[in-house]
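The basis for the numbers below is simple: all heavy atoms, side chains too, and nothing from hydrogens, waters or symmetry mates. Values in this document were obtained by computation on a predicted structure and should not be read as measured data.
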Amino acid sequence: MTTISLRKANTRLPPEVNRVLYVRNLPFNITSEEMYDIFGKYGAIRQIRIGCDKATKGTAFVVYEDIYDAKNAVDHLSGFNVANRYLIVLYYQHAKMSKKFDQKKTEEEITKLQEKYGVSTKDT
């Protein structure tokens, strides 16, 4: 297996590589069993979390036991076709994800304040 050769060669991995993967463009009706079937081929999985509310539907987090298994999964499953949808498999990066959610929250707060005080951003 390629993971064994990576470990034996003592390959240095890029800093963004970690055990947690962020998966986008999933079919909305995918089950956890199907996720384990797809991602379990590349190594032992610690946890899978599938998004279930409106904002997170079609996304999931997959946590592997080993970083080399996660790298192998990203290499093989990025662009993989599941129910006529091509998966986007990325390494989870906490700093980038938290900024994205903070920005959405800030934009929502600004919109609420604009509505409250009758301020319009549209040029009249």
| query | Can you name the residues that form a side chain to side chain contact (heavy atoms under 4.5 Å, CB included) with Asn84, not counting sequence neighbours? | reply | Asn81
| message | Going by the rule side-chain hydrogen bond (donor to acceptor under 3.5 Å, both in side chains), which residues pair with Asn25 if we only count those two or more places apart in sequence or in a different chain? | response | Arg85
| note | Heavy-atom nearest pair, Leu26 first then Ala60, reads CD1-CB, 3.5 Å
| request: Check side chain to side chain contact (heavy atoms under 4.5 Å, CB included) between Ile67 and all other residues, then give those that pass, not counting sequence neighbours. | output: Leu13, Val17, Arg19
| field | Residues which pass side chain to side chain contact (heavy atoms under 4.5 Å, CB included) with Thr111, listed by chain and number, not counting sequence neighbours | value | Glu115
| message | With a 4.5 Å cut-off on side-chain heavy atoms, are Lys71 and Tyr91 touching? | response | yes
| said: Quick check against the 3.5 Å criterion: does Asn18 have a side-chain atom that pairs as donor or acceptor with the backbone of Tyr92? | reply: yes
| Spacing of CD belonging to Glu33 relative to CD1 belonging to Ile48, to within rounding of 0.5 Å | 9.5 Å
| said: Going by side-chain hydrogen bond (donor to acceptor under 3.5 Å, both in side chains), name the residues that satisfy it together with Asn29, two or more places apart in sequence or in a different chain. | reply: none
| task | To the nearest 0.5 Å, tell me how far Asp37 CG sits from Ile30 CD1. | result | 9.5 Å
| task | Would you please name every residue forming a side chain to side chain contact (heavy atoms under 4.5 Å, CB included) with Phe80, sequence neighbours left out? | result | Ile38, Leu77, Val82, Leu87
| message | Could you go through Val23 and Phe61, starting from their C-alpha distance and side-chain angles, then the distance that decides it, and tell me whether this counts as side chain to side chain contact (heavy atoms under 4.5 Å, CB included)? | response | CA-CA 6 Å; Val23 186; Phe61 290 97; over 6 Å; no
| request: Please say whether more than 12 non-hydrogen atoms of neighbouring residues, nucleotides or ligands are located less than 6.0 Å from OH in Tyr86. | output: no
| query | Which atom names give the shortest non-hydrogen contact between Ser78 and Val89, and what distance separates them? | reply | OG-O, 3.2 Å
| task | Measure the spacing between OG1 of Thr31 and CD1 of Ile50 and express it to the nearest 0.5 Å. | result | 6.5 Å
| field | Distance, nearest 0.5 Å, that separates OG1 of Thr59 from CG of Leu90 | value | 11.5 Å
| Listed by chain and number, what are the salt bridge (charged side-chain N to carboxylate O under 4.0 Å, His left out) partners of Glu34, not counting sequence neighbours? | none
| task | Mind checking salt bridge (charged side-chain N to carboxylate O under 4.0 Å, His left out) for Arg46 and listing every partner two or more places apart, or none if nothing turns up? | result | Glu65
| task | Any pair with a residue in residues 47-58 that passes salt bridge (charged side-chain N to carboxylate O under 4.0 Å, His left out), sequence neighbours left out, goes on the list, sorted by first then second residue, please. | result | none
| Is a side-chain N or O of Tyr64 found less than 3.5 angstrom from the main chain of Phe39, in a donor-acceptor match? | yes
